[in-house]
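I have placed the structure first, in the form of C-alpha cells, so that the comments after it can refer back to it.
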There are 2 protein chains.
Amino acid sequence: MNEQKTETEQQILKAAKQVFTRKGFGGTRMQEIANEAKINKSLLHYYFRSKQLLFEAIFKDTLFEFVGKIKLIFNSEEELITKIPKIVHTYSDYLQKNPYIVIFILRELQAEPKIILKIVEMINIKSFHFFEQINQEVEKGKMKPIKPEHLFINILSLTIFPVIAKPIIMAGLMQGSNELYNQFLEERKEIVINFIFSAIY
Amino acid sequence: MNEQKTETEQQILKAAKQVFTRKGFGGTRMQEIANEAKINKSLLHYYFRSKQLLFEAIFKDTLFEFVGKIKLIFNSEEELITKIPKIVHTYSDYLQKNPYIVIFILRELQAEPKIILKIVEMINIKSFHFFEQINQEVEKGKMKPIKPEHLFINILSLTIFPVIAKPIIMAGLMQGSNELYNQFLEERKEIVINFIFSAIY
DNA sequence: ATTTAGTTTAACCATTTGGTCAAATTTATA
DNA sequence: TATAAATTTGACCAAATGGTTAAACTAAAT
C-alpha cells in the first residue's frame, strides 16, 4: 500500500480504507474521507481522479491483505499438529483487530464480483502447502478422510463467522455484553482447535 | 410481512426487499425500488414516509425471518442425532435460496447495531431446546463436553460461511465455475454433518 | 531571483436523489 | 348519482454529492 507514495497520498489511503471498510462504497462520502485525512476534498480527485478509482485501490489492497494473510498461515511448512492451532490463533487475532474488512470484502464482492477476483485467482489457494499436507495425512491413514477444500473452508468458517456475526451473538447469546463476547471469542480459540482435531483425528 | 396490507404495499415491500438486500441502504435508490415495484416513486413515500422507514420495515422483517428460521430448526423436539442433520440440511437449503440476506443483515447491523437487536433478544436464543439437549447429553457422557453456545455457533459457522463467501470460494477453489461451487455446497452438507458428529461423539 | 513544476485550496457546477404537493384518478359511501 | 375519501401520478424542489477549475501556494531547478 505504500511504495514511493506521498505522505498525503498515504493519509488519503488510510482515511479512505477506514471509511470505506466501515460504510461501504454507497455509504461513503468523499467529504468524509477528506475530513478523516484532514485535507481538502479536491485533493482526493487530484490523487485518485474519482471515487470509483479510490475505492478500487482500497478494495484491491484490502482483498490482497485478507487473502494474503490466509496464504501466509496456510502455506507454511510446519507440521499440521502445530500448524492448525497456529492458523486458528493467528487468524482469530487478525480478525479481532480488523473486524470490518471481512464483511466489507464479502459485501462489495457480492455487488461487483467482477475482475477484481483475479487477485484471488492469482494467489492460487489450492497450491498452499496445507492442501498437500492434508492429502498426505489422509493417504497415510493418519487422518480421517476429508477433502482438503472442505477442511480449509471449515477452519475458515469456524474462525471467521463468529467475528462477523458479532452483533447477533452479542444480542442473542451474550446479553448484549461486549465483555462476555470478547471472553467468548477468547475461549473459542481452544475450543475450535479441539473441535477440529476431534473431527479429523 | 403481510397482514391486511394493500396489494400495492406488498409490491413495494417485495421490491424494496429485493433491492435493499442486494445493494444495502446506501446503495439503494428509491427510484429503483419504484421501478422494481412498477409504481410511482411518490407512492413509496405515501406508504412509508421515508427511505429510512421503508428500510427499517424491510430490515426488521428480514432479520426476523432469518433468526426465526434458526429458532424453528434449533427449537424442535427431535432427538439430536436426527436434528443436527436436519438443521444443516434445512438451513443450507434456505441460505442457498436466499444468498443475499445474511450479508445484508450483518452489514447493516454493523453500520447500525442499535435498537433493532431487540428482535434478536426477543427470540431468546438460549431458550432453544437445542441448548438443553446438548447440556443433557454432555452430562450423561453421551457427548464430548462442549458448551452449547459454541456448538451452536460452530454449526451456524459451518453452514452459513460457505454461502456468504461464495465469490471467494468460486474464484479461489472452483476455478470460477458456478457449477463446481454448487456441487461443493451440495456435498458439503454430508461432510459437515460428519465433521460435527466426529467432533462431538 | 526567477521560472517551472508540483501541490493545495476555495469557489463553483451539474447531477443525483430523497422528498413534497397539488392535481387527477379510482374507490367507497351516502 | 353525488360526494367524500383514498390512491396514484407528474411536476417540482432543496439538499447532498461527486467532480471541475482557476487561482494560490510551495519547493525545486535555472
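Reminder, nothing fancy here: chain letters follow the sequence lines and each chain counts from 1. Bear in mind the structure is a predicted one, so any value in this text is a computation, not a measurement.
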To the nearest Å, how far apart are B:Glu9 CD and D:dT8 C1'?
-> 14 Å

Side-chain donor or acceptor of B:Thr90 paired with backbone N/O of B:Ile87 under 3.5 Å = no

Atom-pair distance (CD on A:Gln31; P on C:dT9), nearest Å = 12 Å

Taking atom P of C:dT20 as reference, at what distance in whole Å does atom CG of B:Asn40 sit?
-> 14 Å

To the nearest Å, how far apart are B:Leu44 CG and D:dT7 C1'?
-> 14 Å

Using the six-membered ring wherever Trp is involved, compare the ring planes of A:Phe74 and A:Phe128 and label them parallel, tilted or perpendicular (cut-offs 30° and 60°).
-> parallel

Electrostatic pair A:Glu65:A:Lys17 at N-O distance under 4.0 angstrom | yes

Between A:Gln31 and A:Asn35: side-chain donor-acceptor atoms closer than 3.5 Å = yes

Starting from Watson-Crick (N1-N3 plus N6-O4 or O6-N4) and G-U wobble pairs under 3.5 Å, report the runs of at least three that DNA chain D belongs to.
-> C:1-30 with D:1-30

Give one of base, sugar-phosphate or nothing for B:Tyr47, where a contact means two heavy atoms less than 4.0 Å apart.
-> sugar-phosphate

Does any donor-acceptor pair link the side chain of A:Lys41 with the base of D:dG19 at a separation under 3.5 Å?
-> yes

Starting at atom CD of A:Glu32, determine the distance to atom P of D:dG18, rounded to an integer number of angstrom.
-> 10 Å

Check: A:Ser42 side chain, D:dT20 base, donor-acceptor under 3.5 Å | yes

The nucleotide from D:dG18, C:dT9, C:dG19 with an atom nearest the side chain of A:Arg29 is D:dG18

Note: A:Lys126-A:Glu149 ion pair, threshold 4.0 Å (strictly below) | yes

Figure out the CD/P separation between A:Gln11 and C:dT7, and round it to whole Å.
-> 14 Å

Expressed in angstrom and rounded to an integer, what is the separation of A:Ile12 atom CD1 from C:dT7 atom C1'?
-> 11 Å

Listed nucleotide nearest any side-chain atom of A:His45, set D:dG19, D:dT17, C:dG19 = D:dG19

Testing D:dG18, D:dT20, C:dG18 for proximity to the side chain of A:Met30, the answer is D:dG18

OP1, OP2 of C:dT8 versus side-chain N and O of A:Thr8: anything below 4.0 Å?
-> yes

5'-most by nearest nucleotide on DNA chain D - A:Arg49 or B:Leu43 = B:Leu43

Between C:dT7, D:dA6, D:dT17, which one does the side chain of A:Tyr46 approach most closely?
-> C:dT7

Go through the steps to decide whether A:Ile39 and A:Tyr47 satisfy the test side chain to side chain contact (heavy atoms under 4.5 Å, CB included), and finish with yes or no.
-> CA-CA 12 Å; A:Ile39 48 126; A:Tyr47 281 104; over 6 Å; no

Can you measure from CG (A:Leu80) to CZ (A:Phe197) and round to the nearest 0.5 angstrom?
-> 8.0 Å

